[in-house]
Number of protein chains: 2
Amino acid sequence: MDLYHVLTDDEGRLSDMDRKLAQLVLQDVDFATGSSISELAERAGVSPPSVTRFCRRVGCSGFSDFKVQLARMTYVGLRYLRPEVPTSTPEEVAEDILTKAQNALFHLHQQLDPRLLNEAAQILRAADFILAFGSGGNSSMISSELQNRLFRLGCNIHNSSDRAMDLMLAAGAVEGTVAIVSSMTGRDLDLVRCLELMRQRGVPTIALTQSGSPVARAAGLTIPIDLPEGRNIFRPTSTRYAYLAVVDMLANLVAYADRPRAIAVLRRIKEELVRSRDGDDRQLLGD
Amino acid sequence: MDLYHVLTDDEGRLSDMDRKLAQLVLQDVDFATGSSISELAERAGVSPPSVTRFCRRVGCSGFSDFKVQLARMTYVGLRYLRPEVPTSTPEEVAEDILTKAQNALFHLHQQLDPRLLNEAAQILRAADFILAFGSGGNSSMISSELQNRLFRLGCNIHNSSDRAMDLMLAAGAVEGTVAIVSSMTGRDLDLVRCLELMRQRGVPTIALTQSGSPVARAAGLTIPIDLPEGRNIFRPTSTRYAYLAVVDMLANLVAYADRPRAIAVLRRIKEELVRSRDGDDRQLLGD
DNA sequence: CCGATTCCGGAAATTAATTTTCACCCAACG
DNA sequence: CGTTGGGTGAAAATTAATTTCCGGAATCGG
């Protein structure tokens, strides 16, 4: 399924010739997708049958299928293969950012476990009160986004990006509270402390973070978001798209868990908005 | 080049049969990319040569090239074609959200004018002080994100999501100020008022909004973000990804406009962060 | 309304590409 | 040193794509 990983041969499954081909293909994906089997074979210095065999070994049904898979992979992964393209013109910057964002979403898709997501949504749904923590430019955006999305669904929620405040909130959490935290590095020790405090007191905790990190270990339920960091492609900047998508998903699932309530609240908010504007009702359809 | 638009036949350039084929292809891209020319021809009820001719007419060199182009296009646009998949299971919700987000990015890519982007970045770069406005759950995220990204690059910037405050800030803006506003609907009349106030006073204004909207008309420079709203696919929820990407691009371009300054500021911030954490230096590499 | 012309699509033939078969070589191992 | 297994390329076979050519339908002019 994941052609890219097969081609990079992480497991060493490929023979010498296969590796030569894989390298050639990765080096110039456009050529590979555009050429015929014999052109590719010639450039690689092998025979056409070898190319066919190669395609089979990497999991495709034939050369034609290989090209399609390759093309499908590239759109998302092109920059990933040649990461250090210097980006300086506005076109390049735009392309680069979009590709990285799409890459982040793509990888999220590959690793996401919907059951965990759903479990988290059910916990949030059942909460009397939700605390959303996350500090630093990136995670604070996520926690405020959680607040923004969930209050519309009838959840009582407060978000905080203030570490000192977080600790107090955590220490003072009463029964019925649920905490959801975000940390891209997973190494925010104040946050870990908050999670520990709350777990001791029986407050369910959900973390959006790197798996295996201190924050992940301290949380009751972790939704792991692990984007490859190789070659500095997945910096927080692009990782945010994945986090944001997870928030979107959680909000959707919470909404679906109790549609009537969500619809009722959304409608009230919408009415209020329409009243304060020039009849524009699009702003809030959000979900 | 842009296969998707040719296939949707916006210009009515295609013949009846071509349209039939285009529709079939769009309906089931997976089948089209996976099948042979005769399979596709049979399912469409046409002859293989017609398929070849069709491929030529839509700008490909042949059927094989067509499949590759299609595969390249698809990954991003797939769900757009079958939008009303009812989403209820966690898997479907996850898939749906990711696809919509990728769609939004895809469309942004298609319509974005990098020159405008660069122009905006240069204006921001030259500003003594930047005001970032945007209210409501979505645009307030964007304005706070602008603040978060640009202050790291050495820009003096303040963001506000408070309409009353916005008006005061606009009225009081001194020379050297630049305003950048975000409005997904473009119908925020308070924002329009702010823009008018500032333009009168010679304060350059940049808007991220729908083209042709009141906000767009009131702004000095508009970076249009028009995502198709048909069939409710591009609700604000997914449009945010596009807005966020534009912020990313602007931040990048501002940074590149004066690398030394950006690097110096980033380094200072990073040092501070590392000191306050357990040596984790990844959080801020942002760009 | 009729005939000619043009455009378009399909059948068959042609051509090109891919895949299979088969024979060979090299390396590893008995 | 021979044998066996894995892998390779040449050639053949097969399959797929494309071109050619012809026929039919629509259109326009008479």
Should [X] be listed as having a side-chain N or O under 4.0 Å from OP1 or OP2 of [N]?
X: B:Ser50; N: C:dG10; value: yes
X: A:Arg56; N: C:dT20; value: yes
X: A:Thr52; N: C:dT19; value: yes

Using whole Å, what does the distance between atom [atom2] of nucleotide [N] and atom [atom1] of [X] come to?
X: B:Leu40; N: D:dA17; atom1: CG; atom2: C1'; value: 13 Å
X: B:Ile37; N: C:dT15; atom1: CD1; atom2: C1'; value: 14 Å
X: B:Glu39; N: D:dA16; atom1: CD; atom2: P; value: 8 Å
X: A:Phe63; N: C:dT18; atom1: CZ; atom2: C1'; value: 9 Å
X: A:Phe54; N: C:dT19; atom1: CZ; atom2: C1'; value: 17 Å
X: A:Phe66; N: C:dT19; atom1: CZ; atom2: C1'; value: 16 Å

- [ ] Select base, sugar-phosphate, or nothing to describe what A:Ser38 touches, counting heavy atoms under 4.0 Å on all strands.
- [x] sugar-phosphate

Open item on the list: What contact category does B:Val51 fall into here, base, sugar-phosphate, or nothing, at under 4.0 angstrom with non-hydrogen atoms?
Closed with: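 Nothing, no heavy atom under 4.0 Å.
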
Open item on the list: Of the listed nucleotides (C:dG9, D:dG9, D:dT8), which one gets closest to any side-chain atom of A:Arg57?
Closed with: D:dT8

Task: Among D:dA17, C:dT18, D:dG9, the nucleotide that comes nearest once only the side chain of A:Ser36 is considered - done: C:dT18

Task: Polar pair under 3.5 Å, donor/acceptor by atom type, side chain B:Arg53, base C:dG10 - done: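 A donor-acceptor contact between them is present.
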
- [ ] Give a yes or no on whether B:Glu42 atom CD has more than 12 heavy-atom contacts from other residues, nucleotides or ligands under 6.0 Å away.
- [x] no

- [ ] Say whether B:Tyr241 and A:Asp248, considering side chains only, have a donor N or O and an acceptor N or O under 3.5 Å apart.
- [x]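 Yes, A:Asp248 and B:Tyr241 have a side-chain donor paired with an acceptor closer than 3.5 Å.
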
- [ ] Answer whether the closest heavy-atom distance between the side chains of B:Leu244 and B:Met141 falls below 4.5 Å.
- [x] yes

Task: Minimum heavy-atom distance A:Ala121-A:Val254, with the two atoms named - done: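 Looking at all heavy atoms of both residues, the closest pair is O-CG2, 3.7 Å.
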
Task: Sub-6.0 Å ring centroid separation between B:Phe54 and B:Phe63 - done: no

